[in-house]
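Here is the structure we will look at.
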Protein chains: 2
Amino acid sequence: MTPAAGPSRSHTATLTDVARLAGVSVATASKALNGRSQVRAETRQRVVEAAERLSFRPNQLARGLLAGRTGTVGLLTSDLEGRFGIPILMGAEDAFGAGEVAVFLCDARGDSIREQHHVRALLGRRVDGLIVVGSRTDPRPSLGRELPVPVVYAYAPSDDPADLSIVPDNVDAGRIAVQHLLTCGRTRIAHITGDPGYLAARDRADGARAALADAGLALVDEPRFGAWSEGWGRAATALLLDRHPDVDAVLCGSDQIARGVMDVLRERGQRVPEDVAVMGFDNWQVLTSGSRPLLTSVDMNLEQVGRAAAQALFGAIAGGAPRSGVETLPCRVVIRGSTAPLS
Amino acid sequence: MTPAAGPSRSHTATLTDVARLAGVSVATASKALNGRSQVRAETRQRVVEAAERLSFRPNQLARGLLAGRTGTVGLLTSDLEGRFGIPILMGAEDAFGAGEVAVFLCDARGDSIREQHHVRALLGRRVDGLIVVGSRTDPRPSLGRELPVPVVYAYAPSDDPADLSIVPDNVDAGRIAVQHLLTCGRTRIAHITGDPGYLAARDRADGARAALADAGLALVDEPRFGAWSEGWGRAATALLLDRHPDVDAVLCGSDQIARGVMDVLRERGQRVPEDVAVMGFDNWQVLTSGSRPLLTSVDMNLEQVGRAAAQALFGAIAGGAPRSGVETLPCRVVIRGSTAPLS
DNA sequence: AAACATGCCGAAAAGGCTTTCAGCAAGCTA
DNA sequence: TAGCTTGCTGAAAGCCTTTTCGGCATGTTT
């Protein structure tokens, strides 16, 4: 057998082949394989066996062409390397994969020209719907209302309220984080967070302030906005301790920041969590599980965001009542060693 | 306009519509839009305008049905959450996206049943080829030789030498890492690495030993295998310093381990890099850029692995000479603050 | 003016599948 | 036995595009 002439070259079995082998017409073969009722059991059996023998796989292209539905969706992401897109993508893939939907993955790399290109290509392939995953929770431009298929935005909401967007509830995230710290008996809580240009940073700070206000308290100092990095966590902590040595909890805008904060606390002789409790956001395993002690963090349930987006899209494709607006999903606190009740 | 009856419902334009609007036959319309030469310039112009007006997008399903090629490939990954799959996926998506190929993403979650299911589904959709991305460099079971489309394995090689696999060269990675440390004038080099069940750990250790042997040196102590975690890095470093306080470099099997190593070195009063140089593997940004000093690391060029796999698959689809066996791609040292010449 | 080449265009088939509808045989009732 | 219902099966149309090939109107040559 020559290298190029394996079974690879043998014409893939088609329904006609199956029908011929089973001694029936293609129509009957089709009905037999699809569980239609107008086929005698014995005939169906023959067809099924023939299909088996030829390892027949119905051509989804032909099927999609006929049905007008392809059973495919496009997943448009702006940054794959960012860590937020992945869990969402997993959740969506999971929700679809359970059914019989296949996912086209496209990375626009944050470039709207590329994005437009991908949208056109996906429409050419007649996807049944689109999920758009952003890298930040700040609103992003809508793909427009003129698309021939439903679209769901995940993580980054569309700026058009007529679109449906699924996002984590960052305000509530800030609130539950503070509530956890209050539950631990902390009252002198500082907030060190990232780039104020990010809505997520502002939302979380707002939620944190609101929860404190509900308890008749306030943040120690204003929230310190900076960068989403360990370095900023370290720098801000040094400043914080100089001005407020009596702080008993630091809520950090990200796990990276929290790592920097914990490093400096340790260097300054503050024990975590005995003297100062520390919390992060994102629940990024590589960071939370490597720190000493393990880091308590707020998980944004991104996988669930992905799943919810997939389900919403599914519903829209099936023709359910169209939803719109920004729907938020709750976050959850994952408690580890860096927070504990004051003893 | 009722909510359900937007332009969404308006029948997507088809070539017939374009032809009718332009006052030509579908055959002519097709030729005009595809740059075939047997069309008068003026006629072509009319057709193009009509297509524009109707925002016509040729149906790729029909096209694929006819051509026998769909311009799609399946990307089968075993673990999306693992950090190795993503860059490979990005590289592949990039290499394909440049052309006109769309990528079906499937996550098998490490389950071979799921994997089989996905393969069948993808074949049903008549993908032109398959890329299989593993989560470890240990060989994995082949998908088999009987598939009707070419397959390329990335990161995790197939156990069938008849298949083509693209993997990073971990042995060489260990070698170049040690060479860098030698260049920095280090001679008492220890190796703390991860789970010995991983081929990557053993390969890197082998490469490191080989490079040292070439220089007439040997590792300080045997490589310390353990886990891919900061915690192990800390524990192993404590042991190491007790037995070999004169060590002047630690080569770590991953960036996580390296972070743990650096933490304990600092605690024990060893300066990095003045007293002890530290290197990691993987060049994982979140870890390398958060440490003090910034961490030198070996980058496995995973994006390039993905690109190379995509290109190989592309070649195989186009019918080029079939390649087979395991092809390795070189890694590269990314020098940062944690390694420096002895002064 | 006849014969020919040339340039454009359109009818039709193909690709694989599903669905509709007509046809046919067998079994039943009157 | 004629007429009817039931139960299966198959022919054919349709989904959308590309490609082949025949045909028609020019323009060109002798």
Side-chain angles (χ1 to χ4, degrees), chain A residues 10-48 50-51 54-72 100 121 123-128 148, chain B residues 10-48 50-51 54-72 100 121-128 148-149:
Chain A
S10 75
H11 173 66
T12 302
T14 180
L15 189 58
T16 310
D17 303 330
V18 174
R20 182 165 35 226
L21 181 58
V24 298
S25 72
V26 288
T28 305
S30 170
K31 280 179 279 200
L33 293 175
N34 290 304
R36 293 282 165 283
S37 60
Q38 309 105 320
V39 182
R40 204 171 10 156
E42 184 229 336
T43 308
R44 182 188 311 275
Q45 179 66 14
R46 269 212 328 279
V47 173
V48 168
L54 300 173
S55 57
F56 166 74
R57 304 255 85 209
N59 186 329
Q60 297 298 134
L61 278 87
R63 206 185 271 228
L65 188 56
L66 198 54
R69 277 190 46 258
T70 56
T72 61
E100 282 301 290
L123 291 179
R125 296 194 183 279
R126 296 300 186 268
V127 292
D128 296 331
Chain B
S10 75
H11 174 68
T12 301
T14 180
L15 190 57
T16 309
D17 303 328
V18 174
R20 183 165 34 228
L21 180 58
V24 298
S25 72
V26 287
T28 303
S30 170
K31 280 179 282 199
L33 293 175
N34 290 302
R36 294 280 165 284
S37 60
Q38 307 108 319
V39 181
R40 204 172 9 157
E42 184 229 335
T43 308
R44 182 187 311 275
Q45 178 66 14
R46 260 202 344 270
V47 173
V48 168
L54 301 173
S55 57
F56 166 75
R57 304 254 84 208
N59 185 327
Q60 297 298 132
L61 285 119
R63 209 186 268 225
L65 187 56
L66 198 55
R69 277 188 47 259
T70 56
T72 60
E100 281 303 289
L122 288 170
L123 292 178
R125 296 195 184 276
R126 298 297 187 268
V127 293
D128 296 331
V149 296

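Sequence lines set the chain letters: A, B, ... in the order given, protein chains first and strands last, and positions in each chain run from 1.
Every residue meeting the side chain to side chain contact (heavy atoms under 4.5 Å, CB included) condition with B:Leu33, not counting sequence neighbours, appears here in chain and number order: B:Leu15, B:Val47, B:Val48, B:Ala51, B:Phe56. Take B:Thr43 and apply the side chain to side chain donor-acceptor pair (under 3.5 Å) test, not counting sequence neighbours, and it matches no residue. Looking at residues two or more places apart in sequence or on another chain, you find a side chain to side chain contact (heavy atoms under 4.5 Å, CB included) between A:Thr70 and A:Thr72, A:Arg126, A:Asp128, B:Leu61. With sequence neighbours excluded, the residues satisfying side chain to side chain donor-acceptor pair (under 3.5 Å) with A:Gln45 are A:Glu49. Under the side chain to side chain donor-acceptor pair (under 3.5 Å) criterion, B:Ser25 pairs with B:Thr28, sequence neighbours left out. Not a single side chain to side chain contact (heavy atoms under 4.5 Å, CB included) links B:Ala121 to another residue, sequence neighbours left out.
Of the residues in residues 33-41 of chain A, A:Asn34, A:Arg36 come within less than 4.0 Å of DNA chain C through at least one heavy atom, sorted by number. For residues 20-29 of chain A, proximity to DNA chain D is found at A:Val24, A:Ser25, A:Ala27, A:Thr28, defined as any non-hydrogen atom under 4.0 angstrom from a strand atom.
The side chain of B:Arg63 contributes an N or O atom lying less than 4.0 Å from OP1 or OP2 of D:dT18. At the phosphate of D:dT9, OP1 or OP2 sits under 4.0 Å from a side-chain N or O atom of A:Thr43.
Comparing the local axis fitted to the first five base pairs of the helix from C:dA1-D:dT30 to C:dA30-D:dT1 with the one fitted to its last five gives a bend of 70°, rounded to 10°.
Applying the salt bridge (charged side-chain N to carboxylate O under 4.0 Å, His left out) test to residues at least two apart or on different chains, the pairs with a partner in residues 29-45 of chain B are B:Arg40-B:Glu42, B:Glu42-B:Arg46.
Closest to the B:Leu15 side chain, of the nucleotides C:dC17, D:dT17, C:dT20, is D:dT17.
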